[in-house]
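Below, read A as the first sequence line, B as the second, and so on, with proteins coming before strands; counting in each chain starts at 1.
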There are 2 protein chains.
Amino acid sequence: MNMKSDLAMHSKIIVTVDVALLTVDLESSLSNGLRVGLIRRDAAPYKEALALPGGYVHPEEDDNTAAAARRVLKTKAGKDVRYLEQLATFSGPSRDPRGWSVSVCYVALEDRETMKQWPADLLARVDALPPLAFDHATLIGAAVERIRNKAAYSALPVFLLPDTFTLSELQDLYGRLLGTPLDKSSFRRKVRELGFVEEVSGAFKGGQNRPAQLYRAKEMTIFDRTI
Amino acid sequence: MNMKSDLAMHSKIIVTVDVALLTVDLESSLSNGLRVGLIRRDAAPYKEALALPGGYVHPEEDDNTAAAARRVLKTKAGKDVRYLEQLATFSGPSRDPRGWSVSVCYVALEDRETMKQWPADLLARVDALPPLAFDHATLIGAAVERIRNKAAYSALPVFLLPDTFTLSELQDLYGRLLGTPLDKSSFRRKVRELGFVEEVSGAFKGGQNRPAQLYRAKEMTIFDRTI
DNA sequence: AAAATAGTGTCTGTTAGACATTATAAC
DNA sequence: GTTATAATGTCTAACAGACACTATTTT
């Protein structure tokens with residue numbers, strides 16, 4: 001098999017990116033609160049169906065697939081995403097009815113406040129997904145698993161919270177991701193020793209009771225290498 | 001930008017797979033013993049240069065990129081690989097002189113005995129790589145990092161050993177991957193409680209001294225989901 | 001017996017979970 | 001004061017690292 005025939009075959013492959021944009025709703029008490037941002041497709045295939053934001057890679061425009069993913073999100077959400085990480089690449093002859101396709105899938109994290117601008121009916125609970133186009137339910141499952149796994153040993157979940165947050169909110173978030181309630185004392189000990197947050201001096205969040213100290217993520221904690 | 005122009009642009013993208021086939025040489029005392037299987041390219045670009053085994057995805061033949069990676073390895077090594085895992089996808093306009101390219105990269109693990117059939121001069125130490133084609137040095141770096149990270153909490157490294165092995169060999173391997181000598185007693189305690197190996201009853205490995213019990217990996221320990 | 005490696009036992013400092021206590025606000 | 005949540009302190013059981021010890025082979 002020579003290169004010419006390889007190239008001939010190759011040209012049939014569809015190359016896209018898809019992004020699982022995750023956020024968490026700390027209000028909802030049922031389920032873990034994880035939600036994913038969907039779009040409603042305006043073209044075939046799967047016209048009118050719900051799907052992850054995604055699209056073709058544009059070689060003239062995109063410097064790599066991560067840039068393509070950022071461009072797609074910028075188009076759909078109107079702003080740059082705070083955190084983007086490559087998840088995995090899905091491929092095969094039947095996942096896209098147009099033909100043999102490769103989709104490089106990314107996970108993005110955004111806090112609930114920022115996601116307010118996303119249409120509420122397109123923010124689906126990840127544990128109760130509606131029917132989705134392509135194999136996007138599978139991608140979301142992989143994205144959720146990735147973020148859950150990382151919650152156990154990294155500071156990454158802070159991207160799911162606003163710029164400032166209380167330790168109780170952070171604990172609630174980790175508890176939801178890990179699927180188990182955490183002990184307050186142990187959690188704070190851990191957070192202190194890992195040292196990825198710092199007090200916002202003098203800033204408190206008040207409620208019906210004792211106000212809580214606000215914290216922010218320390219500048220450039222190394223969360224992960226992004227490719 | 002309509003779909004037609006998208007498709008037109010899209011057809012320029014080169015889709016390949018590359019495989020970092022890793023093994024470990026427990027004899028070598030200098031370095032960690034990790035080695036990667038290379039090939040010498042027989043066609044442009046980078047003709048005559050050293051590179052990872054890889055090639056175009058064949059839509060007619062391959063059911064997905066993992067199948068393409070297995071096919072490439074089968075062609076180069078003549079046998080099916082024991083362990084294959086998707087690593088990451090690398091992309092961009094300049095990593096391949098032929099044009100905008102996407103390479104889905106895989107990590108494969110094989111034991112040293114099996115790798116004896118690989119030409120010795122094409123088994124490079126990962127900590128002293130020769131000049132390589134494309135961005136393959138980067139891919140190898142990512143592959144090594146992945147395997148090192150997994151060594152800390154999984155049974156995956158057993159694929160770097162022959163079917164049967166002694167606990168001392170297993171400890172040596174983990175120590176090399178983790179970059180630190182491990183305590184014999186603690187290591188055995190851990191291996192016992194994780195329970196991913198079992199004795200091969202009556203089988204011992206003799207040397208200049210007390211023979212060591214041989215073990216094998218238990219059938220279908222779950223190492224990881226492969227996509 | 002000496003040498004070398006396999007394999008086990010024990011001690012101890014650290015840590016994570018459980019839970020009690022104190023602190024500070026609203027009402 | 002009561003109530004609610006923030007924040008800290010203390011106790012304990014489990015565990016990991018260090019290291020000593022025993023076991024079994026070759027020479």
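With sequence neighbours excluded, the residues that form a side-chain contact (heavy atoms from CB on, under 4.5 Å) with B/Thr75 are B/Arg71. With sequence neighbours left out, the salt bridge (Lys or Arg N to Asp or Glu O under 4.0 Å) criterion links B/Asp63 to no other residue. Under the ring-ring contact (aromatic ring centres under 6.0 Å, His included) criterion, A/Tyr215 pairs with no residue at all, not counting sequence neighbours. Listed by chain and residue number, B/Ser168, B/Glu169, B/Lys205, B/Ala212, B/Leu214 satisfy the side-chain contact (heavy atoms from CB on, under 4.5 Å) test with B/Thr166 (two or more places apart in sequence, or in another chain). Every residue two or more places apart in sequence or in another chain was checked for a salt bridge (Lys or Arg N to Asp or Glu O under 4.0 Å) with B/Arg189, and none qualifies. Contacts of B/Asp183 classified as salt bridge (Lys or Arg N to Asp or Glu O under 4.0 Å), with partners at least two apart in sequence or in another chain: none.
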Which donor-acceptor pairs under 3.5 Å do the side chains of residues 21-28 of chain B make with protein atoms, sequence neighbours left out?
{"from": "B/Thr23", "atom 1": "OG1", "to": "B/Glu110", "atom 2": "O", "distance (Å)": "2.8"}
{"from": "B/Thr23", "atom 1": "OG1", "to": "B/Arg112", "atom 2": "N", "distance (Å)": "3.3"}
{"from": "B/Asp25", "atom 1": "OD1", "to": "B/Glu27", "atom 2": "N", "distance (Å)": "3.1"}
{"from": "B/Ser28", "atom 1": "OG", "to": "B/Leu30", "atom 2": "O", "distance (Å)": "3.2"}

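Taking a heavy-atom distance under 4.0 Å as the criterion, the stretch of DNA chain C touched by chain A extends 5' to 3' from C/dA16 to C/dA26.
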Inset, instruction - Would you mind building the protein contact string for nucleotides 1-11 of chain D? One character per nucleotide, 5' to 3', B for base within reach (heavy atoms under 4.0 Å), S for sugar-phosphate only, - for untouched. - result: ---BBBBBBB-

